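Here the structure is laid out as structure tokens; the discussion comes afterwards.
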Amino acid sequence: MEKYVVVIGGVISGVGKGIATASIGKILTEYGYSATGIKIDPYINYDAGTLRPTEHGEVWVTNDGGEIDQDLGSYERFIGIDIPKSNNITTGQIYKEVIDRERRGEYLGETVQFIPHIPNEIKHRIKLASKSHDIILIEVGGTVGDYENIPFLFTIKGLEREIGKENIVYVLISYLPVPTHIREMKTKPTQQAIKLLQENGIIPDIILCRGKEPLDDVRRKKIETYANIKHEFVISAPDIKLVYDVPINFEREHLGKKILDKLNLKPKTEPSWREWKKAIKRLKNPVARPKIGMVGKYISLGDFELKDVYISINEALQHAGAKLGTRPKIIWIDSKEIEKSGTSILKGLDGIIIPGGFGTTGISGKIKAIKYARENKVPFLGLCLGMQLAVVEYARNVAGLKGAHTTEVDPKTPYPVVDILKSQRKIMEESRYGGTMRLGAYAAYLKKQTLVYKLYQKEKRIEKDMKKRLEPFRFGKKANSPYVIERHRHRYEISPNFIKKLEEKGLLFSGFHYRLDSTKLAEFIELKEHPFFVATQSHPEFRSRFLSPAPLFLGFLKATAKD
Ligand code: GLN
């Protein structure tokens with residue numbers, strides 16, 4: 001029988017429900033149970049693919065090509081597993097499925113109604129995601145009391161009735177404000193959140209009390225008395241600097257054992273936090289703090305949005321830093337700023353990253369930053385758009401292809417070195433944009449004797465036997481040779497027509513994906529006479545984990561710490 005841990009937010013959103021859920025998942029795996037996470041997003045959008053990144057943060061991409069909520073990225077980073085797209089459930093998906101089924105006549109004339117059809121579909125999706133795991137974490141998006149949460153809470157209560165209370169634990173994540181004029185931590189909003197939850201028939205088993213400060217005994221007791229929840233289940237979760245400290249903090253209050261107890265489970269193994277703690281220690285006491293310039297386009301929208309837009313890159317850098325003992329200091333640079341005032345703002349940087357991106361804004365600033373990195377031998381990592389623009393820059397300034405560009409920005413360029421494939425163009429002409437992206441994990445076959453190969457080999461990321469877990473088209477031709485897997489999210493490709501010319505001019509293509517129709521897609525490039533100049537069409541940040549950093553980030557960060 002599978003067991004569930006349901007995580008619900010109270011009082012306000014944005015208090016780290018995703019990180020708390022991921023941390024609980026990590027803790028439970030330390031006790032020997034296989035855990036996975038489901039995120040329920042009550043919005044009507046079908047998925048996160050079309051959401052504005054500045055509003056919702058970055059889109060997380062799964063192996064199977066899902067564009068989903070970034071909280072699932074936290075689950076993957078903490079628990080160290082690959083999560084399929086079906087683990088992100090939105091209201092839009094549920095209604096679409098029910099309506100599609102109704103149109104196909106599958107309800108055989110029944111009146112299709114909110115109850116039972118919507119909860120049934122939600123339950124079906126939860127069950128689907130639960131297969132082959134011992135414990136399933138379900139994070140309900142939003143805050144208790146939101147209208148749009150009601151169908152999900154109703155469904156979960158129904159699930160509890162079916163499987164029995166001993167198989168489900170409710171965790172409420174609440175927030176305890178400290179109003180500045182009284183300087184006292186207030187429990188009232190938490191009491192009200194508990195009440196709201198009870199209106200849905202749900203009594204929280206555990207309350208995680210988020211706040212600026214740790215929870216003191218007076219307030220712990222107060223919550224116990226007012227909400228009838230024993231004080232040992234009222235857990236303090238104060239603000240901390242490093243998210244990877246959250247599971248360690250929870251375990252100080254024995255959260256894992258308390259949850260297992262409520263689920264009638266015994267620990268299967270003794271947790272071992274040694275490596276995890278060592279990595280945290282290295283990040284907290286770094287031997288170097290290299291300055292990394294992240295040249296993006298969303299920068300002018302203010303610090304707050306920024307972090308979420310590039311969250312995976314940020315985390316991937318932290319993971320690499322935790323292994324190397326160097327803690328990167330990220331400097332956000334607006335590429336439009338470079339267009340206005342030149343590359344002088346890049347002076348003094350130890351490394352430059354050009355992250356992924358779409359559209360035409362800030363492109364020439366990014367190209368200038370790449371030229372600067374190449375010429376001044378500053379370590380450079382290009383991700384997706386970053387690789388496309390590195391190819392444009394090389395084509396123009398080294399290979400002599402004047403006016404070379406990506407057709408995403410200049411459809412009339414004389415040298416379309418980055419272009420849409422013929423097969424995609426046809427789909428686009430029919431305005432079916434949804435089908436034109438290369439999404440999810442793809443295998444790349446690396447050339448030996450390249451830096452990229454060396455980096456992947458060092459981290460034991462050259463794979464041989466993962467085939468069963470991915471669809472065949474993701475391996476493409478050549479499926480018999482060793483390969484590396486990274487995730488993708490882009491429409492344009494390095495045009496196969498220019499690869500030979502660029503190779504002749506010294507650009508090293510370190511790896512390719514070979515589509516089933518034999519088209520050769522460039523996946524990695526590098527430059528020989530440079531301390532570190534590497535770019536990839538993929539997004540290696542999506543496969544970086546706290547204890548197993550992405551090879552390219554490791555190589556890049558290592559290069560930045562050198563004098
Ligand atoms: N805009 C580019 C493309 O669609 C790059 C996308 C990205 O960086 N994720 O191919």
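What you see is a predicted model, and the numbers here were worked out from it, not measured in a lab. Read the numbers this way: they start at 1 and go in the same order the structure lists the ligands and their atoms.
Using a 4.0 Å cutoff on heavy atoms, H488 does not count as a contact of ligand 1.
When atom types are taken as modelled, the side chain of S23 and the backbone of V246 share no donor-acceptor pair closer than 3.5 angstrom. Without hydrogens or angle criteria, H513 side chain to T519 main chain gives no donor-acceptor distance under 3.5 Å. Under a 3.5 Å cut-off, the side chain of K17 and the backbone N or O of G142 do form a donor-acceptor pair.
With a 4.0 Å cut-off on non-hydrogen atoms, M437 does not touch ligand 1 at all. Heavy atoms of Q388 found under 4.0 angstrom from ligand 1 belong exclusively to the side chain.
Regarding atom 7 (C) of ligand 1, its nearest protein heavy-atom neighbour is C384 SG, 3.0 Å. In terms of protein heavy-atom proximity, atom 5 (C) of ligand 1 is nearest to G357 O, 3.3 Å. Protein heavy atom at the shortest distance from atom 10 (O) of ligand 1 is Y492 N, 2.8 Å.
Close placement of the Y456 and F524 rings is indicated, their centers lying within 6.0 Å of each other. Between F78 and Y244, a ring centre-to-centre spacing shorter than 6.0 Å is recorded.
A distance of 10.5 Å separates CZ in F512 from CG in L446, rounded to the nearest 0.5 Å.
For atom 9 (N) of ligand 1, the candidate residues are R491, R489, H490; the nearest heavy-atom contact is made by R489.
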